[in-house]
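One structure is given below, encoded as structure tokens.
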Amino acid sequence: MKKKRLLALGLALTMALAACGGDTGDKDTQGGNDFYDWQTQANESTTFLINYSEERSNTKVLCNCISPLVEYDNHGNLVGAMAESWEPNEDATQWTFHIREGIYWVDAEGNKKDECTAYDWLTAIEWELNFHKNASKNTTMLFATITGSEDYYAQVKEMDEAAAKAIKYTDEVFTNTVGASAPDKYTLVLDMKQPVPYFPTICTGACLFPLAQGQVDELGVDGTFAQQPADMWYNGPYRITDYVNNNSKTLTRNEEYWDKEGEIFDHVYISMVQDAIADDQMFLNGELDRCELSEANLRTIWDDPNNEWRDYLVQPRTVTSNRCIMFNYGKKLEDGSWDVNWNTAVGNENFRQAIYHGLDILGYCSYYNYVDPKSTIVNTFTCNNVSVFSNGQDYADRVEELLGNPGYRYEKPENLTKAADYAAKAKEELSAQGVTFPVTAWYWVKSGDQAALDLALIMQDAFESVADDFIKVEIHEYVSNLTQEVINNNFSGISIAGWAADYGDPENYNTQLIRGDQSAFFANRFMKVNDMPDSEAKTVLDEFTAMVKAANLITDDMDKRYEAQAQAEAYYFQHALMVPLSSSGTFQLTRHNAFTVSFAGYGCMMDVYKNMGVTAEKAYTTTEYDQFAADYAAGKI
């Protein structure tokens with residue numbers, strides 16, 4: 001019944017698609033050297049300080065405003081950005097970066113400020129390791145690699161707040177503790193806790209973007225933390241020259257940007273839309289240069305061979321982010337008390353295993369890829385193309401192998417039998433502990449976001465079909481900010497989230513899930529594992545944490561390192577601590593050739609507008625995109 005309602009929700013846009021017929025998206029006001037893009041309001045920026053950001057909704061814009069040490073070309077090769085060159089010492093326990101000379105920060109109006117130098121990376125590292133400045137954000141990678149980082153963090157956290165905020169990278173408390181230095185203003189030296197041969201891949205993550213000390217001096221610590229686009233200093237290809245919250249952002253070319261040969265738009269206009277359906281109609285109206293088709297509209301186009309848009313369906317190359325269902329192990333009720341019923345249930349392995357084996361995820365996958373939903377199903381948290389064994393096997397494929405190559409779990413009759421058995425055991429065990437059934441799970445969507453509600457209804461159907469009288473999903477709405485209204489209050493029961501890694505090693509995925517570490521992003525944000533009561537899940541998580549930490553210490557043999565990480569990740573899913581869903585694979589209509597821009601499976605550079613080239617006047621056809629793919633594979637693009 002609810003899925004029928006979902007189809008009806010797309011009726012207005014479906015009619016619009018049919019009515020538009022052969023209009024291939026011609027535009028009078030767009031095309032050429034401007035680009036018109038979109039984001040949903042649910043993904044509105046929550047910070048304009050990239051060093052504080054751990055969410056793609058923020059870095060999607062900010063990675064176009066700040067230039068890192070290194071970046072990727074369109075084939076995923078590391079190339080110089082603010083660092084012209086870099087090299088390790090003999091055993092990769094020290095990395096040296098040589099910064100370009102004569103490159104300046106500018107303000108929002110394009111006026112020159114200070115020169116960008118190696119000292120700006122020291123300012124950034126001190127800031128991120130200073131709890132009173134950055135509240136533990138972006139510390140994970142620094143803790144794992146740079147000497148003295150954890151010691152400095154712990155030392156400063158215990159200091160008086162005012163004294164801590166007054167620290168600069170030149171103060172002895174930092175220079176005598178942290179292995180980060182600048183022999184001169186164009187040389188940055190970083191000392192590693194152990195050999196880190198993959199360290200340059202970390203340099204595209206937010207933790208190693210620069211922060212100008214001159215800006216901090218100008219705005220003060222609190223002003224820098226709360227900066228808005230008009231306050232920012234920029235050294236990247238674009239400046240944010242107009243910003244209206246939940247409405248729009250305008251990026252304008254930075255004439256002082258170091259790469260004079262890079263292709264930079266004059267302007268990028270980003271519209272903040274209410275939901276992921278509105279972009280379809282805006283594209284048809286000539287207001288956007290690309291759209292991600294909703295399920296209803298994709299279904300309409302695909303199922304009609306005569307639909308005029310069928311020959312324009314493309315799947316642009318995208319950086320995958322494996323989406324998973326994350327359980328909150330420390331949920332609270334709206335009065336601030338513990339949700340004992342939910343927390344007790346989710347701490348029980350049989351309860352989680354019933355969901356893992358019995359949840360039909362095909363409806364979720366179909367929402368994003370109606371044409372071939374099974375192709376998007378994943379069984380790992382770590383994406384493909386992050387790490388590869390010396391024999392050529394992808395790390396994520398090894399995890400799948402350890403899990404028995406489960407494929408689409410729900411279609412296997414033995415899994416449905418397992419799910420029923422697990423549900424029966426869970427009911428017996430949990431009822432004896434006072435848990436009442438069905439167990440209520442809270443699922444949150446942004447008010448007014450129809451696409452999010454459509455997806456929530458699909459997941460509600462899936463969860464409530466796992467077993468009779470087992471789970472009830474309550475859909476709740478937040479007004480504007482998920483973090484402030486839901487996450488910070490521990491109100492979510494189940495959440496769906498994905499992770500595109502910050503660097504090329506599987507530890508970047510696994511360390512986001514461990515217990516006892518305040519910098520572990522998903523463990524603290526969605527899953528609240530440090531607040532969980534004693535349970536079987538807590539014991540399993542502690543074992544997983546130990547496995548990950550042991551794997552992280554292996555640096556002399558990358559195959560052994562990857563195998564140990566794979567064993568830990570497989571262990572995590574064998575105990576159903578969360579449920580893997582799908583990778584990205586949405587069909588688009590577009591005037592943009594995605595094969596020309598930066599590409600890698602990790603880092604903040606996956607959303608850059610640099611090197612997109614000019615915008616085509618008409619939407620590309622499927623045939624044209626296939627040719628782009630062939631040219632790319634042949635090295636012609």
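The shown structure was predicted, so the numbers you read here are calculated from the model rather than taken from an experiment. Values reported hereafter were calculated over all heavy atoms of this structure, with side chains retained and with hydrogens, waters and symmetry mates removed.
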side-chain contact (heavy atoms from CB on, under 4.5 Å), that's the test. Do Tyr153 and Ser149 meet it? Break it down for me.
CA-CA 6 Å; Tyr153 172 87; Ser149 53; over 6 Å; no
I'd like to know if [X] pairs up with [Y] as an ion pair, taking the criterion as any Lys NZ or Arg NE/NH1/NH2 lying under 4.0 Å from an Asp or Glu carboxylate oxygen.
X: Glu54; Y: Arg525; result: no
X: Arg398; Y: Glu401; result: yes
X: Lys332; Y: Asp531; result: no

Name each donor-acceptor pair under 3.5 Å that joins a side chain in residues 543-550 to protein atoms two or more places apart or in another chain, with its distance.
unit_1	atom_1	unit_2	atom_2	d
Thr545	OG1	Arg515	N	2.9
Thr545	OG1	Leu541	O	2.8

Glu507 vs Tyr198, side chain to side chain donor-acceptor pair (under 3.5 Å): CA-CA, chis, key distance, verdict
CA-CA 11 Å; Glu507 76 167 8; Tyr198 55 85; 3.1 Å; yes
Closest approach of Val70 to Thr204 (non-hydrogen atoms, all atoms of both residues):
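What the structure gives for the nearest pair is O-CG2, 3.5 Å.
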Minimum heavy-atom distance Gly363-Ile458, with the two atoms named:
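Nearest pair, atom of Gly363 first, then Ile458: C-CG2, 3.6 Å.
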Check for me whether the distance between the ring centres of Tyr572 and Phe381 falls short of 6.0 Å.
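Not under 6.0 Å, so no.
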Could you go step by step and tell me if Gln565 and Asn510 meet the side chain to side chain donor-acceptor pair (under 3.5 Å) rule?
CA-CA 8 Å; Gln565 292 285 3; Asn510 288 333; 2.8 Å; yes
Looking at [X], I'd like to know if its [atom1] atom is crowded, meaning that more than 12 non-hydrogen atoms belonging to other residues, nucleotides or ligands lie closer than 6.0 Å.
X: Asp303; atom1: CG; value: yes
X: Lys472; atom1: NZ; value: no
X: Glu428; atom1: CD; value: no

Spell out, as yes or no, whether a donor-acceptor pair under 3.5 Å connects the side chain of Arg323 to the backbone of Pro580.
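No: the side chain of Arg323 does not pair with the backbone of Pro580.
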Can a donor-acceptor pair be found between the side chains of [X] and [Y] at a distance below 3.5 Å?
X: Ser598; Y: Glu71; value: no
X: Tyr329; Y: Asn530; value: no
X: Glu485; Y: Asn489; value: no

When Glu128 is tested against each of Asn138, Asn134, Asn51 for side-chain hydrogen bond (donor to acceptor under 3.5 Å, both in side chains), which residue passes?
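Of all the options given, the one that passes is Asn51.
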Verdict with supporting geometry, Val579 and Arg409, side-chain contact (heavy atoms from CB on, under 4.5 Å)
CA-CA 11 Å; Val579 181; Arg409 298 181 300 276; 3.5 Å; yes
With rounding to the nearest 0.5 Å, note down the distance linking [atom1] in [X] to [atom2] in [Y].
X: Thr586; Y: Leu293; atom1: OG1; atom2: CG; value: 9.0 Å
X: Tyr562; Y: Asp557; atom1: OH; atom2: CG; value: 10.5 Å
X: Gln194; Y: Leu553; atom1: CD; atom2: CG; value: 6.0 Å
X: Thr139; Y: Leu129; atom1: OG1; atom2: CG; value: 7.5 Å

Output, in order, the C-alpha distance, side-chain angles, deciding distance and verdict of side-chain contact (heavy atoms from CB on, under 4.5 Å) for Ile496 and Tyr364.
CA-CA 11 Å; Ile496 296 177; Tyr364 179 91; 3.4 Å; yes
Tell me, with the steps shown, if Val439 and Asn341 meet side-chain contact (heavy atoms from CB on, under 4.5 Å).
CA-CA 7 Å; Val439 175; Asn341 207 60; 4.2 Å; yes
Should the pair Tyr625 and Phe628 be assigned to parallel (<30°), tilted (30 to 60°) or perpendicular (>60°) ring geometry?
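Aromatic pair Tyr625/Phe628 classed perpendicular.
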Does the plane of the ring in Tyr395 sit parallel, tilted or perpendicular to the ring in Phe389? Use 30° and 60° as the thresholds.
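Answer is parallel, since the angle falls under 30°.
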Audit row: Asn58, Thr46, side chain to side chain donor-acceptor pair (under 3.5 Å) steps and yes/no
CA-CA 7 Å; Asn58 297 314; Thr46 56; 3.1 Å; yes
Trace of the side chain to side chain donor-acceptor pair (under 3.5 Å) decision for Gln567 with Glu563:
CA-CA 6 Å; Gln567 293 283 347; Glu563 178 63 21; 2.7 Å; yes
Could you pull out all residues at least two apart from Ser465 that satisfy side-chain contact (heavy atoms from CB on, under 4.5 Å)?
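Here no residue qualifies.
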